[in-house]
Amino acid sequence: MDETVKIIIAVLITAIIVTIIAWKSAIAYRIKVVEAKIGSADEKAREIIDEALKTAETKKREALLEAKEESLRTKNELERETKERRAELQRYEKRVLSKEEALDRKTEALEQKETKVSAVEQELKKTKAEIDQFHQKQVQELEKISGLTSEQAKEYLIKTVEDEVKHETAMLIKNLDQKAKDEADKKAKDYVITAIQKCAADHVAETTISVVQLPNDEMKGRIIGREGRNIRTLETMTGVDLIIDDTPEAVILSAFDPVRREVARLALERLIVDGRIHPARIEEMVEKAQKDVEAMMREEGEAATLEVGVHGIHPELVRLLGKMKFRTSYGQNALKHSIEVAILSGLLAGEIGVDVRLAKRAGLLHDIGKSVDHEMEGTHVQIGVDLCKKYKESPVVINSVEAHHGDVEFQSLISCIVQAADTISAARPGARRETLETYTNRLKQLEDIANAFKGVEKSYAIQAGREVRVIVVPDQINDDEMILLARDLSKKIEAELEYPGQIKVNVIRESRVTDYAK
């Protein structure tokens with residue numbers, strides 16, 4: 001056992017020694033190999049360094065050569081640019097010198113000219129002084145010859161020029177007015193004649209009385225009643241005066257309100273037919289007549305809208321239209337007048353080429369305010385405008401109602417058409433009846449307006465106020481001023497006077513020359 005262990009230990013020791021020897025041998029070999037490699041690397045490094053030094057030397061020489069060449073090239077370019085700059089500076093110097101010489105020459109020439117101009121100015125001053133003296137002498141001679149001073153002569157010239165301008169202005173106004181009138185008259189006549197030919201309306205003058213026929217004269221006593229109670233009841237209920245006189249078989253009803261007069265007429269006629277005339281029956285008949293008249297007004301309004309061909313009007317406006325059947329203006333029935341204006345407006349609108357239905361509507365409603373103007377405050381124009389606004393009529397219709405008497409400016413062509421149709425309907429012979437007082441007042445106002453102008457000697461309103469003849473003083477108004485006077489007078493009449501149709505202004509200037517044969 002001990003031997004075996006010893007052998008094993010010896011073997012292990014031997015193995016260890018061999019291993020150490022082998023390891024040292026390997027390390028030595030490795031060291032030799034590394035040293036050999038290091039030696040070869042050093043040699044290669046020295047070779048590379050030598051090669052690099054040679055290459056660097058070559059590069060250095062090449063760089064020096066390139067630098068020298070670049071420096072030489074730059075130097076050449078600088079020399080060339082310097083030469084060019086010097087040449088250019090020499091040219092500029094030559095040009096500047098030549099310009100300075102030219103300026104010197106011009107300066108000398110200007111100085112010479114200034115000297116000459118100064119001499120000429122001196123001569124001109126002397127000449128002007130001589131001319132002024134000569135002009136003054138001429139003016140003095142002319143003043144002696146003409147007998148006028150220079151101021152008087154200026155005034156004469158200014159007046160002459162002013163007269164010439166007035167003459168030319170008057171002639172121009174006359175020619176333009178004549179041309180415009182000719183063209184406007186031709187077209188207006190065509191439109192109006194066509195419209196009037198298509199509208200043939202009857203004209204019946206309305207009055208403020210109604211006559212009720214009686215079957216016999218005994219009926220008068222029954223109408224009066226015991227102690228006049230029947231007639232008092234009838235007058236109280238209707239607001240109408242009953243005139244019972246010697247007229248055979250007739251009773252006259254008098255009232256300014258045609259509606260009340262119509263109610264009284266219907267009630268009285270029914271009482272006469274019924275035969276029972278006493279206060280209770282009178283009250284019953286008056287109430288029934290009032291309802292019938294109200295229904296009649298609606299029917300008349302609807303008939304008017306159907307006759308004209310206008311639809312969609314508010315029922316209250318239709319009722320007020322029917323009420324106009326019992327309203328008159330200068331004896332002309334207001335409803336008939338409105339229907340005629342509506343028809344004429346439609347015809348004129350058709351001729352001109354605007355909305356015919358809207359024109360008819362505006363024409364039919366243009367006097368709607370007259371139906372209630374005796375019940376409300378204000379003119380029939382303002383009342384009509386308020387009614388149209390209340391019942392939502394169009395702005396065109398409202399403006400036509402407001403402008404048909406020229407109270408406001410026209411806002412559409414339809415407003416002008418309605419005014420023209422209203423004038424045509426009112427101005428036709430027999431359409432209206434004026435009172436003597438109104439007629440004479442208008443003639444007097446017309447003559448007063450004409451007499452107010454300077455230079456007017458006399459004026460006469462003739463042709464029922466459709467023409468005014470103005471006689472002027474010949475010494476104060478010349479032929480040119482006559483034209484201006486006629487124009488101004490026409491404008492003033494249009495602005496201040498209300499009249500149907502148109503008024504002709506005729507200015508007359510009489511020149512007389514008197515001589516005697518001896």
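Count residues from 1 along the sequence. Values below: every heavy atom of this structure, side chains too, minus hydrogens, waters and symmetry copies. Computed from a predicted model, the values in this text were never measured in an experiment.
Rounding to the nearest 0.5 angstrom, the gap separating the NZ atom in K75 from the NZ atom in K68 is 13.5 Å. The CG atom of L348 sits 12.0 Å away from the CD1 atom of I343 when rounded to the nearest 0.5 Å. Taking CD1 of I449 as the start and CD of E494 as the end, the distance is 11.0 Å to the nearest 0.5 Å. In this structure, CD1 in I398 is found 10.5 Å from CG in L387, a value given to the nearest 0.5 Å. Put simply, CD1 on I493 and CG on L446 are 5.0 Å apart, with the number rounded to the nearest 0.5 Å. In this structure, T107 OG1 and E114 CD are separated by 10.0 Å, a value rounded to the nearest 0.5 Å.
Residues E302 and V318 share a closest heavy-atom pair of N-CG1, 3.5 Å. Shortest non-hydrogen contact noted between C388 and V397 is SG-CG1, 4.4 Å. The minimum heavy-atom distance between V468 and A450, with the atom names listed, is CG2-CB, 4.4 Å. Taking all atoms of both residues into account, the shortest heavy-atom contact from V401 to G384 is CG1-C, 3.8 Å. Taking all atoms of both residues into account, the shortest heavy-atom contact from A359 to A349 is CB-CB, 3.6 Å. For N451 against S459, the heavy-atom pair with the smallest separation is OD1-OG, 2.7 Å.
Residues R469 and V505 form no side-chain contact, since every pair of their non-hydrogen atoms from C-beta on lies 4.5 Å or further apart. Contact annotation: the side chain of E101 approaches that of R105 to within less than 4.5 Å [non-hydrogen atoms, C-beta and beyond]. At least one side-chain heavy atom of Y460 sits less than 4.5 Å from a side-chain heavy atom of I471. Contact annotation: the side chain of T58 approaches that of E62 to within less than 4.5 Å [non-hydrogen atoms, C-beta and beyond]. Counting only heavy atoms from C-beta outward, the side chains of I339 and L364 approach each other to under 4.5 Å. By the 4.5 Å heavy-atom criterion applied to side chains, K492 and D488 are not counted as neighbours. The closest side-chain heavy-atom distance from V507 to I477 is not below 4.5 Å. By the 4.5 Å heavy-atom criterion applied to side chains, N478 and E481 are counted as neighbours.
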What do the steps show when you test L365 against L321 for side-chain contact (heavy atoms from CB on, under 4.5 Å), and what is the final call?
CA-CA 8 Å; L365 297 175; L321 276 174; 4.2 Å; yes
List the steps, then state whether side-chain contact (heavy atoms from CB on, under 4.5 Å) holds for Q112 with T115.
CA-CA 5 Å; Q112 293 176 1; T115 304; 5.6 Å; no
Before giving the answer on side-chain contact (heavy atoms from CB on, under 4.5 Å), spell out for R487 and I483 the whole-Å C-alpha distance, their side-chain angles and the decisive distance to 0.1 Å.
CA-CA 6 Å; R487 183 181 180 83; I483 300 172; 5.8 Å; no
Between I503 and L497, is a side-chain contact (heavy atoms from CB on, under 4.5 Å) present by the stated rule, with each step listed?
CA-CA 10 Å; I503 296 176; L497 195 62; 4.2 Å; yes
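A 6.0 Å sphere centred on CZ of R80 holds more than 12 heavy atoms belonging to other residues, nucleotides or ligands. Surrounding CD of E409 are at most 12 heavy atoms belonging to other residues, nucleotides or ligands under 6.0 Å away.
A donor-acceptor contact shorter than 3.5 Å links the side chain of N76 to the backbone of L72. A distance-only check finds a donor-acceptor pair linking the side chain of E447 to the backbone of A461 [under 3.5 Å]. No donor-acceptor pair closer than 3.5 Å links the side chain of R509 to the backbone N or O of D475. Distance alone, capped at 3.5 Å, places no donor-acceptor pair between the S371 side chain and the M324 backbone. When atom types are taken as modelled, the side chain of N399 and the backbone of S394 share no donor-acceptor pair closer than 3.5 angstrom. Put simply, the side chain of K360 gets close to the backbone of V308: a donor and an acceptor are under 3.5 Å apart. Although no hydrogens or angles enter the test, the distance criterion places a donor-acceptor pair under 3.5 Å between the side chain of R361 and the main chain of G312.
No donor-acceptor contact under 3.5 angstrom links the side chains of S338 and D367, judged on distance only.
Evaluated for a side-chain hydrogen bond (donor to acceptor under 3.5 Å, both in side chains) with D386, the options Q382, K389, K390 yield exactly one hit, Q382. Shown are K94, R95, Q90, E88; of these, the side-chain hydrogen bond (donor to acceptor under 3.5 Å, both in side chains) with Y92 is made only by E88.
Between H337 and H366, the ring planes lie perpendicular to each other; the angle is over 60°, past the 30° to 60° tilted range.
Salt bridge status for E316 with R319: present, with a side-chain N to carboxylate O gap under 4.0 Å.
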